[in-house]
Number of protein chains: 2
Amino acid sequence: MQKDTPEQRAAHEERVRLASGCMPTEDEVATMAARFKAISEPSRLKILFALACGELCVEHITQAVGGNQSAVSHQLKILKDNKIIRARRNGKQVMYSISDGHVMTMLSVAKEHLGCNE
Amino acid sequence: MQKDTPEQRAAHEERVRLASGCMPTEDEVATMAARFKAISEPSRLKILFALACGELCVEHITQAVGGNQSAVSHQLKILKDNKIIRARRNGKQVMYSISDGHVMTMLSVAKEHLGCNE
DNA sequence: TTATCATATGAATAACAATTCATAAGATAT
DNA sequence: ATATCTTATGAATTGTTATTCATATGATAA
């Protein structure tokens with residue numbers, strides 16, 4: 001079998017170099033991965049779709065998605081730590097909401113992508 | 001402490017009902033969660049950023065992201081099974097590429113979201 | 001055919017994450 | 001102050017997932 005010519009080898013190296021150049025830093029990749037992971041569990045994704053309709057307190061979130069209060073609270077913490085949602089206290093309750101438009105975009109793009117089966 | 005009035009209680013139920021109405025089906029949530037999970041590992045996210053610059057074969061991907069061939073191959077399978085990337089054979093090589101625009105959107109939105117620290 | 005290159009896969013281990021239970025903490029009312 | 005309502009947290013268990021190694025498969029060339 002033919003070995004690559006020096007030109008081909010250079011082209012390969014160039015492609016790898018280009019791809020490496022597209023790469024965010026290790027820290028950036030780690031942060032993005034953690035945020036995707038935060039929204040990659042069915043129970044947490046359900047919480048987000050519930051919050052997409054508007055701010056809710058923990059009890060209402062729990063009712064909307066099912067499950068128990070403790071589990072929901074743990075999940076809310078993960079979402080909050082990853083800047084996916086935000087919290088504000090209102091008396092005895094804590095109200096949660098989607099943190100910004102990027103998250104809403106993710107949700108709608110994910111839903112659209114469901115149609116793509118190829 | 002005051003109990004909720006019937007009106008307040010009805011308002012609460014309405015909010016929960018509304019939130020539940022925003023909810024995709026169980027199957028849809030499961031699929032979306034699985035796809036987010038596919039892109040939520042640093043090594044796989046790196047692969048995607050490499051492919052964002054254009055089609056690459058396995059060896060080049062491996063060089064671009066580091067790690068060994070077997071690990072990369074396992075990760076490519078997960079991405080492919082979740083419709084995040086596609087594969088085409090070209091002689092002895094298999095060329096991988098981002099499957100569609102939704103994925104590219106996800107990557108750029110994720111990168112933008114890095115700037116949001118609140 | 002055999003040899004070689006490129007990629008994929010199965011099985012085992014090791015790291016990680018989700019859920020549950022029990023309980024703590026924070027806020028308000030009495 | 002105490003009681004109650006709401007949410008958060010720590011620890012333990014259970015279930016998942018990533019990575020590695022060894023090897024299989026698939027394609028081309030000699």
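Residue numbers begin at 1 in each chain, while the letters A, B, ... track the order of the sequences.
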**Q** Can you tell me how far P of D:dT7 sits from CZ of A:Arg86, to the nearest Å?
**A** 19 Å
**Q** Does anything in residues 45-64 of chain A come within less than 4.0 Å of DNA chain C? Heavy atoms only, and list the residues if so.
**A** none
**Q** Whole-Å distance between C:dA17 C1' and A:Ile78 CD1?
**A** 8 Å
**Q** Nearest whole Å is fine: how far is C:dA17 P from A:Asp81 CG?
**A** 13 Å
**Q** Does the side chain of A:Gln69 reach to within under 4.5 Å of the side chain of A:His74, using non-hydrogen atoms?
**A** no
**Q** For the pair made of NZ in A:Lys37 and C1' in D:dA18, what is the distance, rounded to whole Å?
**A** 9 Å
**Q** Nearest 0.5 Å please: distance from the OG atom of B:Ser97 over to the CG atom of B:Leu48.
**A** 11.0 Å
**Q** Compare every heavy atom of A:Lys46 with every heavy atom of B:Val29, then report the nearest pair and how far apart it is.
**A** CG1-CG, 4.1 Å
**Q** Quick one: does B:Met106's side chain get under 4.5 Å of B:Ile84's, heavy atoms only?
**A** no
**Q** Treating primed atoms plus P, OP1 and OP2 as sugar-phosphate and everything else as base, which nucleotides of nucleotides 19-24 of chain C get B, S or - for protein heavy atoms under 4.0 Å?
**A** SBBB--
**Q** Enumerate donor-acceptor pairs with a distance under 3.5 Å from any side-chain N or O in residues 55-63 of chain B to protein atoms, sequence neighbours excluded.
**A**
| residue | atom | partner | partner atom | Å |
| --- | --- | --- | --- | --- |
| B:Glu55 | OE1 | B:Arg88 | NH2 | 3.1 |
| B:Glu55 | OE2 | B:Arg88 | NE | 2.6 |
| B:Glu55 | OE2 | B:Arg88 | NH2 | 3.3 |
| B:Thr62 | OG1 | B:Val58 | O | 2.8 |

**Q** Given atom CG of A:Asn90 and atom P of C:dG26, what is their separation to the nearest angstrom?
**A** 18 Å
**Q** How long is the line joining CZ of A:Arg89 and P of D:dT6, in whole Å?
**A** 12 Å
**Q** Looking at side-chain heavy atoms only, is the closest gap between A:Phe36 and B:Glu41 below 4.5 Å?
**A** no
**Q** Between A:Val103 and A:Asp100, is any pair of side-chain heavy atoms under 4.5 Å apart?
**A** yes
**Q** Atom CG of B:Asn82 and atom P of D:dT17: how far apart are they, to the nearest Å?
**A** 11 Å
**Q** Rounded to whole Å, how long is the line connecting atom CG of A:Leu79 with atom P of C:dA17?
**A** 14 Å
**Q** When you compare the side chain of B:Met104 with that of B:Ile98, does any pair of heavy atoms fall below 4.5 Å?
**A** yes
**Q** Could you tell me whether the phosphate oxygens of D:dA8, OP1 or OP2, come under 4.0 Å of any side-chain nitrogen or oxygen in A:Tyr96?
**A** yes
**Q** If the cut-off is 4.0 Å, is B:Lys92 near the phosphate of C:dT7, judged by side-chain N/O to OP1 or OP2?
**A** no
**Q** Does a side-chain heavy-atom distance below 4.5 Å link B:His113 with A:Ser99?
**A** yes
